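Computed from a predicted structure; not experimentally measured. Within every chain, numbering begins at 1; the chains are lettered A, B, ... in the order of the sequence lines, protein sequences first and strands thereafter. Note that these values count all heavy atoms, side chains included, but never hydrogens, waters or copies made by symmetry.
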2 protein chains.
Amino acid sequence: MSTAERKAREKEALKLLILKGAKKLFLERGIEQTTIRNIADEIDYSVGTVYVYFKDKNAILHDLHSIGFEELGGYFKELFSIKDPMERLKKMGFTYIKFALENTEMYDLMFIVKAPMEFIETSEKEAWNEGVGTFGALKKTVEECMNKGHFKGNSLEPLSFMIWSMVHGMCSLEIRQRTKGVKFSNPDTILFDGYNEYLKIIEKL
Amino acid sequence: MSTAERKAREKEALKLLILKGAKKLFLERGIEQTTIRNIADEIDYSVGTVYVYFKDKNAILHDLHSIGFEELGGYFKELFSIKDPMERLKKMGFTYIKFALENTEMYDLMFIVKAPMEFIETSEKEAWNEGVGTFGALKKTVEECMNKGHFKGNSLEPLSFMIWSMVHGMCSLEIRQRTKGVKFSNPDTILFDGYNEYLKIIEKL
DNA sequence: TTATTTTTTGAACAGTGTTCATTTTTTGAA
DNA sequence: TTCAAAAAATGAACACTGTTCAAAAAATAA
């Protein structure tokens, strides 16, 4: 192996080290409470070094948001073995909520925080591939449902968006403290209770 | 009128002046780009004065979020004249989305930004009255629908939460740039297209 | 007029993201 | 092994943030 190759690998390794340190601090104290200095301290490098490997804070947040989508992919993996599309669609929403509740800080970064989208805007990156791909998986499942005779009279893309919005709405209200504020009869299970109402409805469609 | 009375009125007026200045800047440049110094400059007072009238930035954000709910109340006003609860429920969601799209910065503050809820936590304020009241209006309408024989087999509170989540999900995905990322066939109308799919579904229930 | 109270001020503090001249380390030809 | 050139790492410095609080200014009322 050449020196150039090794250097490239070392550069990649340090980039991952920074991301790993950043993620650790995010989970420990939250995204907003984590500073570049914290991250540099965590991995025993100086602030300057962090800026050698990342253009700015948004770049770190974007890369971390991509890692979040990989983790969501892990949650989704088992879904693809489910042949019945309606069954898969139901489990997909359930899995989505489960991911959000078990990875609140990551979910926040992926779907609520502005930084990752700002990074995409201010860089030559073509699009939000992570979001496009995930929404595509939902759309494909809804399409299979329609091909089997479900959702008569509905349109694929808007219907898929509606379903995504519903699960995202529940998760984001929870994560941004709005369910806590409303004091439900059963606050600990309101997300899944709400999702069950949706299941009852689509079972008829 | 006594001096004390006048002073109390003047204090209230200055508080409102600060909020007015803050709102102006929020709409002009966004919440995150507005600083206490900006607000002080805008109304020709010093930073120190702002802190005499508000405990901290969260307190300003909370009061402004309350103003947002008053404005949402204005949008909702005409709904109460609609006698048919199903008709009212449909229009309510439509109005909610309209408000969010016409007042994105305010909607963000009311339902996404953490600060107003943090203020409630760290003060002797009992609860999120604004949210409780608004959700109560939805729940009441859903209840009337159920009393008229709709939504058979569903539970009031989780169903209402599901409906709220759906419209909030659409609005927050839009406001936090996630619809832009996903490049829909018809991005300009996707919120209302999505909402129409929901309408088609509940028409059968 | 003047002592007291109320209101306003803005410098100061500890923190933030970011930059970049300087130092340290690594490299590979002599 | 030596040592100039290249690469990597550094941290002080800059302009900004929210927040505090002693001091100054203004308003009050005796």
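Counting to the nearest Å, the C1' atom of dG10(C) and the CG atom of D44(B) are 15 Å from each other. Following rounding to the nearest Å, F54(A) (CZ) and dT19(C) (P) show an atom-to-atom distance of 15 Å. Rounded to whole angstrom, the span from the CG atom of L25(B) across to the C1' atom of dG18(D) amounts to 16 Å. Rounded to a whole Å, the CG atom of N38(B) is 11 Å from the P atom of dC16(D). In this structure, the CD atom of Q33(A) is 11 Å from the P atom of dG17(C), given to the nearest Å. Distance E32(B) CD to dC16(D) P: 18 Å, rounded to the nearest Å. Remark: C1' of dT16(C) and NZ of K57(A) are 8 Å apart, rounded to the nearest angstrom. The distance between atom CD1 of I18(A) and atom P of dA8(D), rounded to the nearest whole Å, is 13 Å.
A salt bridge does not link E5(B) to R9(B): none of the charged side-chain nitrogens sits closer than 4.0 Å to a carboxylate oxygen. Ion pairing between E143(A) and K140(A) fails under the 4.0 Å rule for side-chain N and carboxylate O.
Aromatic rings of F192(B) and Y195(B) (six-membered ring for Trp) have centroids beyond the 6.0 Å cut-off, not under it. Ring centers of Y96(A) and Y107(A): under 6.0 Å apart, within the cut-off.
For Y53(A) and dA9(D), the shortest distance from a side-chain N or O to OP1 or OP2 is below 4.0 Å. The phosphate of dT19(D) (OP1 or OP2) has a side-chain N or O of Y51(B) nearer than 4.0 angstrom.
When both distances must be under 3.5 Å, the Watson-Crick or G-U wobble mate of dA7(D) is dT24(C). Look at dA29(C): its Watson-Crick or wobble partner, with both distances under 3.5 angstrom, is dT2(D).
Between the base of dT26(C) and the side chain of R6(A) there is no donor-acceptor pair shorter than 3.5 Å. Counting distance only, with no hydrogens placed and no angle test, the side-chain atoms of R37(A) and the base atoms of dG15(C) include no donor-acceptor pair under 3.5 Å.
The side chain of T49(A) lies closest to dT10(D), out of dT10(D), dG17(C), dT20(D). Residue S46(A) places its side chain closer to dA9(D) than to any other of dG10(C), dA9(D), dG18(D). In this structure, of dG17(C), dT8(C), dG18(D), it is dG18(D) that holds the atom nearest to the side chain of I36(B). The side chain of Y45(B) lies closest to dT9(C) when the candidates are dT9(C), dA9(D), dG17(C). Listed nucleotides: dA8(D), dT19(D), dG17(C). Nearest to the side chain of K11(A): dA8(D).
Between V47(B) and E10(B), the residue anchored closer to the 5' end of DNA chain D is V47(B), taking for each the nucleotide with the nearest heavy atom. Between G48(A) and T34(A), the residue anchored closer to the 5' end of DNA chain C is T34(A), taking for each the nucleotide with the nearest heavy atom.
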Is there a ring-ring contact (aromatic ring centres under 6.0 Å, His included) between F135(B) and W128(B)? Walk through the geometry before answering. CA-CA 11 Å; F135(B) 183 64; W128(B) 188 36; 9.7 Å; no

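If you check every strand for non-hydrogen atoms under 4.0 Å, I60(B) touches nothing. Counting non-hydrogen atoms under 4.0 angstrom, I39(B) reaches nothing in the nucleic acid.
At distances below 3.5 Å, not a single donor-acceptor pair connects side-chain atoms of N38(A) with backbone N or O atoms of T34(A).
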